[in-house]
There are 2 protein chains.
Amino acid sequence: MAQDGKRRAGATPGASAAARARPPSMADVAALAGVSGQTVSRVANNRSNVDEATRERVLSAMKMLGYRPNTAARALATGRFRMIGVVTFDLRAHGNARVLESVVSAVQDTDYSVSVVAVRSHSEQAVREAFDRLSTQAVDGIIVNEPQMLDTAALRLRSDLPIVVVDRDDRHRYPAVGSDDAEGVRAAVTHLLDLGHHTVAHLAGPQDSYPARRRAEAWHRTLKDAGRLTPPVDYGDWSAESGYLIGRQIAERPDVTAVFAANDQMALGLLRALHEAGRPVPDDVSVVGFDNLAESAYFLPPLTTVNQDFEEIGRQSVALLLDQMESAPAEGTAPRGAAAVSVAPRLVVRGSTAPPRA
Amino acid sequence: MAQDGKRRAGATPGASAAARARPPSMADVAALAGVSGQTVSRVANNRSNVDEATRERVLSAMKMLGYRPNTAARALATGRFRMIGVVTFDLRAHGNARVLESVVSAVQDTDYSVSVVAVRSHSEQAVREAFDRLSTQAVDGIIVNEPQMLDTAALRLRSDLPIVVVDRDDRHRYPAVGSDDAEGVRAAVTHLLDLGHHTVAHLAGPQDSYPARRRAEAWHRTLKDAGRLTPPVDYGDWSAESGYLIGRQIAERPDVTAVFAANDQMALGLLRALHEAGRPVPDDVSVVGFDNLAESAYFLPPLTTVNQDFEEIGRQSVALLLDQMESAPAEGTAPRGAAAVSVAPRLVVRGSTAPPRA
DNA sequence: CGCCGCCATGTTGGCGCTAACATCAACCGC
DNA sequence: GCGGTTGATGTTAGCGCCAACATGGCGGCG
């Protein structure tokens with residue numbers, strides 16, 4: 001390993017270099033094209049002030065050598081990494097995976113790349129650790145995709161980097177993008193009331209989750225606004241299993257004719273519990289979910305649910321982040337009142353809802 | 001030479017104010033700790049030959065300044081990026097998301113980071129493009145998570161980088177990690193035969209997918225080996241919808257008493273089709289899936305399926321890649337017969353299978 | 001006691017690239 | 001035609017870090 005003639009600068013300047021695997025550098029291209037390195041740099045960066053003929057010559061030299069600019073060198077020289085960090089949580093959760101996918105996809109349309117860090121627990125420390133990793137790891141901006149635990153107090157991130165949080169909430173200080181949960185919930189609950197149900201029970205997500213809380217609140221307000229009674233809330237953990245377990249209890253309450261579940265997976269468990277308890281859906285009980293998984297249309301019965309536009313959320317997050325990165329190079333320090341982008345959800349009516357039994 | 005002559009303030013007259021709070025560099029730490037930069041470097045890289053007292057002094061200086069090594073500079077100097085690239089496909093597919101998650105997780109236990117590139121189509125060109133992005137983007141190794149289209153011919157990747165493919169197949173030239181599909185399928189089909197079914201129909205994945213093909217072949221062989229008839233195969237596209245559509249046809253074949261679906265989502269569609277056709281599962285028809293989604297235990301009825309250990313697959317992929325990266329620094333060029341790691345699947349018996357009607 | 005080798009630490013050079021300035025030719029209007 | 005432009009290109013000096021060598025103190029051993 002020691003020798004290898006690794007310094008090509010030394011001897012054999014023009015002669016057949018040792019051809020050792022070292023990738024071609026700007027200097028190689030420059031030599032081949034008969035220009036200076038700076039000109040190669042200009043071509044590589046698409047600067048305008050290069051003569052057309054020269055540009056072509058350089059380009060063909062690049063192609064001939066299979067030249068690719070060295071990202072590390074560029075980053076070192078410019079101080080920018082052309083890289084966006086994403087902090088994400090459990091990818092088994094459908095929504096997280098969808099958001100990640102669309103973020104990656106959106107970033108790919110720019111000349112940035114994506115570095116992903118996973119957080120394994122919802123603790124503040126875990127988030128902070130992930131953050132540290134990313135800050136160390138040379139990114140120019142960060143997208144935090146963790147709608148679960150974002151206590152305003154908790155998320156005080158040591159970071160001079162632009163940040164976007166995927167979570168529609170007004171309470172924290174970072175720019176955010178997310179579904180307008182309240183609107184989706186209102187549509188779902190109103191749909192049930194319009195069908196003639198007196199009120200709607202709620203199978204909520206975990207209490208420490210922001211979106212879960214928001215959905216529960218929206219459910220509550222919608223019923224209140226309609227002058228209906230608000231039955232006690234049951235809290236699951238987003239899983240089908242919790243939906244099933246809680247569903248067994250719900251099934252025993254004969255007064256319940258309609259249930260709004262905070263996500264589709266819990267709704268699935270609920271459907272099974274109701275089925276086993278001999279309470280047919282939607283004849284006896286109506287069920288609405290939230291998320292619109294690809295599978296939900298094939299549940300028994302097909303699930304009425306609220307569709308979330310994850311693609312749009314990812315796209316908007318990236319747009320917002322890039323926006324910040326450009327406008328606030330590193331200066332400012334003005335977190336400026338945290339722009340919030342809201343993406344509209346949409347009710348999808350299927351077979352799990354019907355008027356209550358006469 | 002150690003003097004501060006390097007101050008940019010001196011060189012650039014009247015230039016932008018020094019307001020730019022540049023992050024602390026190694027030199028800053030060195031100055032504060034009263035050592036040379038090289039010693040700081042040694043401490044940062046955990047080299048052994050540093051006096052304990054010195055090390056502590058440097059460490060505390062680092063902490064005081066909030067020093068983080070600059071990845072770009074390090075990469076430039078060493079030629080290694082400490083970064084692993086992952087090429088992934090549709091993250092809506094449960095398996096892909098799971099694999100990605102476990103890869104990210106496993107990488108996180110090393111001091112590497114992960115850069116993700118998504119491929120949007122199964123074409124060779126798309127894969128190649130993703131590859132180019134990654135090669136340009138400074139990674140030391142690549143994991144390709146696309147079990148779908150990996151025609152040996154197609155995947156001839158211009159790359160001197162170590163590669164691991166997530167796909168258990170002997171046909172291509174890269175080291176690979178994947179589930180032992182054949183074994184899982186054998187378990188599933190045998191389970192049905194043992195229950196007393198004469199034969200088992202197959203709802204397969206798309207014909208251009210390797211795992212789909214492998215599963216179909218394994219199904220075929222298992223039946224052959226048992227001396228059973230092999231009914232015609234139907235091909236879906238992995239989606240619940242395709243499972244439903246094809247399921248409607250299957251439901252019309254009275255001779256069918258057991259179906260093996262190539263994944264859980266299609267099995268879900270199939271369950272619904274059978275239900276609608278008045279063919280109860282498992283009393284009239286038994287169904288087995290593949291993947292073991294978290295939701296599958298709550299289908300109606302709970303789905304018997306083959307569990308894939310995605311975590312293990314991710315972990316092994318990373319291990320294999322790191323292994324390669326260390327053993328074949330840049331030399332060799334010997335792709336060495338493509339190691340293949342196989343992860344054992346496991347049959348999970350639930351309520352969707354039963355003996356055929358007497 | 002003098003030579004050797006070992007260890008902790010310092011010094012030098014350069015990784016590949018770009019910003020900022022320097023240069024040089026062509027060209028402008030009056 | 002001459003100062004002043006403009007546009008294309010070259011030159012210089014690092015960006016922050018690490019590999020390789022250089023140095024200098026110290027103990028061991030014949």
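Numbers restart at 1 for each chain; the letters A, B, ... are given by sequence-line order, proteins then strands. Keep in mind that what you see is a predicted model, and the values were worked out from it rather than measured.
A sub-4.0 Å separation between OP1 or OP2 of dT9(D) and a side-chain N or O of R57(A) is absent.
Only Q38(A), S41(A), N45(A), listed by number, bring a heavy atom of residues 31-45 of chain A to less than 4.0 angstrom from any atom of DNA chain C. For the contact set between residues 71-83 of chain B and DNA chain C, defined by any heavy atom under 4.0 Å, the members are L76(B), A77(B).
Between R120(B) and S105(A), the side chains place a donor N or O and an acceptor N or O closer than 3.5 Å (distance only, hydrogens not considered). Looking at S102(A) and R315(A), their side chains never bring a donor and an acceptor atom within 3.5 Å of each other.
Annotation: side chain of Q324(A) is in contact with side chain of P175(A) (closest heavy-atom distance under 4.5 Å). For the pair L91(B)/R98(A), no side-chain contact is recorded, criterion being any heavy-atom separation below 4.5 Å from C-beta on. Y67(A) has its side chain out of reach of D28(A): every pair of non-hydrogen atoms, C-beta onward, lies at least 4.5 Å apart. Taking the side chain as every heavy atom from C-beta outward, T39(A) and S36(A) approach each other to under 4.5 Å.
Between the N45(B) side chain and the S41(B) main chain, a donor and an acceptor come within less than 3.5 Å of each other. Remark: side-chain polar atoms of D140(A) are not paired, donor with acceptor, to backbone N or O of R80(A) under 3.5 angstrom. With hydrogens and angles ignored, the 3.5 Å screen pairs no side-chain donor or acceptor of Q316(B) with any backbone N or O of V341(B).
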Steps toward salt bridge (Lys or Arg N to Asp or Glu O under 4.0 Å) verdict (R74(B), D111(B)): CA-CA 13 Å; R74(B) 177 177 293 180; D111(B) 58 344; over 6 Å; no
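Residue-level contact check: N49(B) touches the bases, meaning some heavy atom is under 4.0 Å from a base atom. Across all strands shown, N70(A) has heavy atoms under 4.0 Å from sugar-phosphate atoms exclusively, and none from any base.
To the nearest angstrom, C1' of dC17(D) lies 13 Å from CG of D28(B). Protein atom CD of E52(B) is 15 Å distant from nucleotide atom C1' of dT9(C), rounded to whole Å. Rounded to whole angstrom, the span from the CG atom of D51(B) across to the C1' atom of dG24(D) amounts to 15 Å. A straight line from CZ of R47(B) to P of dA8(C) spans 14 Å, rounded to a whole angstrom.
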Between protein and nucleotides 23-28 of chain C, what N or O pairs are separated by less than 3.5 Å?
none

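Minimum heavy-atom separation, V35(B) to R57(B): CG1-NH1, 4.0 Å.
Checking dA8(D), dT9(C), dG16(D) against every side-chain atom of V50(B), the shortest atom distance belongs to dT9(C).
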